[in-house]
Amino acid sequence: MRVLLLGALGVERSDGSVDYVRGFQATLITELLAADTMVVSTDRLADALYGENTPRQPLRAVHAHMTRLRRALRQWEPEGPGAERLLTRATGYALKVAALESDAGQFLTELNRARTLARTEADAAARILEPALGRWRGPVLEGTATGAGGDRLANRLQAARREAAEQLASARLVLGQYPQAVTELEALLLEDPYDENLARLLTTALSRSGRSREARRVEQRIRRALREDLDVGSREMSWTHPQPLPGRSPVQPLDLRLPRQPRPARPDRPGRSGPSPAGLLELIVDRESPVGLVSPSPPQVPGTPTPSHRGPAAAAGVYRVGGFPVAVVHDANPGRSPDVRGALRTLDYARKAGLPVLLLLGEPDLLGEPDRRPDPGSQTPAHQVMLLRSLVQLRGVVPRVVISSDDGALRFPGTAALGDARILVRPDAPSATDRSSTAEIEARSVAEAAACARDLLGHLTLEWVPSVPPDAAIGDFGAHDAPLDMRGVIAGITDSGEWLELMAERGPSLLTGLARVEGRRVGVIANNPVVDDGALTPHAVGKGTRMVELCGLWGIPLLVLVDTPQVPGSGAAGAGSLPEVAGSELLRAFLGAEVPRVTVIVGRSKGWSGLVMGARESGADAVYAWPRARTDLAHGALDGTIVPQATRAVVSTLLGTSRSRRPGA
């Protein structure tokens with residue numbers, strides 16, 4: 001089931017047919033969707049349905065409408081959650097529809113991707129925005145009677161559409177696509193003839209197209225309209241060389257490289273610099289004000305300034321990332337952020353509402369960094385201890401992502417308990433002797449870190465998104481001895497040929513990452529024979545173990561692609577020396593992971609290493625082999641031999657119906 005909001009309200013079934021929704025049912029759906037899976041009170045729903053014409057028993061009337069809606073959900077999605085999407089609570093109702101289970105959610109996600117790319121790659125941003133805007137079928141919620149929540153949802157989507165259209169026009173100006181920009185901007189000005197920013201962009205496009213006379217006419221028309229119709233004067237600005245208005249995306253300058261604001265190096269930490277957590281957060285979250293949970297203020301000492309936390313600089317709050325609510329704790333160090341109580345309330349709410357948590361660490365002084373641990377006689381603030389405790393207790397309850405520009409903070413053992421996955425912002429590539437980072441992702445720029453954070457949160461929270469076929473199919477690999485670059489194999493299996501690689505710098509003979517196959521999320525573990533012959537080196541084993549643990553924690557099914565050499569001196573009976581044999585740590589992780597696991601033997605799978613990676617004895621639920629595979633598994637140990645081109649279909653069939661499981665569920 002997929003909800004359609006970008007036009008007339010409708011529900012797209014799995015077979016592609018669309019049922020358009022009208023009347024009271026449409027009003028209920030829009031009110032519930034506007035709340036983003038949170039509970040909407042019965043009184044509020046009654047007000048949206050009836051306004052001032054409230055029936056004698058409004059609660060009973062709302063319950064009756066909800067019964068009909070639940071019946072409709074069962075018909076729209078007979079093989080899925082269906083009626084289970086509508087939750088009944090003591091105070092009202094909630095509708096569980098993930099961000100990417102609607103065309104509006106997908107549009108907002110693509111808009112966020114384009115925001116980051118527009119800073120560095122205008123062509124990539126245009127390739128995203130053009131099809132995204134093409135999904136609009138008309139005015140949002142066309143023909144639907146909405147209440148207050150539905151009105152807010154419609155206004156939000158219309159504002160996002162306007163922003164996307166302006167960003168696309170700006171990208172076209174950067175790329176020199178002036179005729180297309182002119183056509184699109186003229187259509188936008190017909191919808192809002194008093195928008196100075198649109199008029200300024202249009203005059204720029206006309207001027208650069210050699211149509212200066214038309215550009216002057218547009219300038220004169222907007223100035224006259226503002227003066228005569230609205231009785232306001234136009235801002236003083238250069239129309240042919242536009243400057244950004246507050247809150248608008250700039251067209252100039254043409255140098256779109258992301259500016260870096262280095263942090264001054266501390267005397268005891270020479271040479272360290274990086275982006276501030278506040279600046280990084282601004283790139284990750286959507287352009288909406290966060291919802292803060294205000295903590296009780298301690299008594300204020302006369303004469304001391306009152307701390308202010310507004311926008312992305314707030315110490316904690318519920319933000320949107322790709323349209324999905326995320327609880328954010330921002331640089332929660334009591335030495336710099338006084339609102340630790342607010343952070344505690346935010347984490348408590350995340351636990352109750354099931355929201356993922358994003359933790360942005362600054363300098364790790366109070367986390368006990370090895371070279372800056374507190375003195376034994378010093379006292380750690382009680383609220384800081386409570387904060388760390390709250391983060392640790394969220395393990396297995398909600399996904400936790402930690403981001404820092406300080407490798408020391410992530411290396412500290414205590415930090416590993418605060419997050420399920422960590423992102424390190426490292427502008428400079430690590431040296432050959434400095435590849436021991438504990439981060440799952442090492443980003444080379446702030447923009448890359450922000451994009452990875454959004455992708456990682458999406459993989460950890462969204463079980464399914466609309467499927468996109470791979471850009472290229474897997475070829476027919478016939479040579480037995482030629483090593484394959486397993487990244488190309490992964491690209492031929494996963495949606496769009498893309499995946500989020502984790503721990504890329506560590507143990508490169510083993511590849512690990514998160515991807516989607518037919519829209520379903522999947523964890524990928526693959527030997528890479530072009531590096532160290534795909535051997536299970538100690539670093540590769542540790543890397544694979546962490547990947548299995550992450551997928552096991554969040555019920556993400558595993559796809560294992562095998563092409564690894566036999567461990568010297570070990571046979572299939574090497575289990576007798578399990579603690580000493582290479583790969584034993586990874587084997588223990590495989591045996592303990594209660595998630596579906598499909599193994600495809602691409603090349604070699606013999607002896608002990610083959611047993612660890614590609615056998616049912618190590619926990620694989622299904623084992624297939626390519627014709628080129630060389631394995632010592634008995635004939636009955638294989639579920640079949642498949643050609644490379646059929647791998648995606650087999651994997652999607654076996655893993656596509658698996659549902660995520662939380663620990664203890």
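Keep in mind it's a predicted model, so treat the numbers as computed, not measured.
- Between Arg597 and Asp621 no salt bridge is recorded (no basic side-chain N to carboxylate O distance below 4.0 Å).
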| message | If you apply the rule salt bridge (Lys or Arg N to Asp or Glu O under 4.0 Å), what do you find for Arg351 with Asp348, and how did you get there? | response | CA-CA 5 Å; Arg351 175 181 60 82; Asp348 184 60; 2.7 Å; yes
Per-pair distances, 0.1 Å, donor-acceptor, side chain in residues 86-95, under 3.5 Å, sequence neighbours excluded:
from  : atom 1 : to    : atom 2 : distance (Å)
Thr88 : OG1    : Arg70 : NH2    : 3.0
Tyr93 : OH     : His63 : ND1    : 2.5

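- With values rounded to the nearest 0.5 angstrom, Leu500 atom CG is found 11.5 Å from Thr494 atom OG1.
- To the nearest 0.5 angstrom, Arg648 atom CZ is 10.5 Å from Thr653 atom OG1.
- Rounded to the nearest 0.5 Å, atoms CG (Asn528) and OG1 (Thr512) are 11.0 Å apart.
- The two atoms that bring Val397 and Trp554 nearest to each other are C-CH2, 3.6 Å, heavy atoms only.
- Contact annotation: the side chain of Thr461 never approaches that of Val326 to less than 4.5 Å [non-hydrogen atoms, C-beta and beyond].
- The shortest distance between side-chain heavy atoms of Leu502 and His459 does not fall below 4.5 Å.
- Rounded to the nearest 0.5 Å, atoms CG (Leu5) and CG (Leu153) are 6.0 Å apart.
- To the nearest 0.5 Å, atom CE of residue Met547 and atom CG of residue Leu514 are 4.0 Å apart.
- To the nearest 0.5 Å, atom CG of residue Leu611 and atom CZ of residue Arg616 are 13.5 Å apart.
- The closest side-chain heavy-atom distance from Glu463 to Arg520 is below 4.5 Å.
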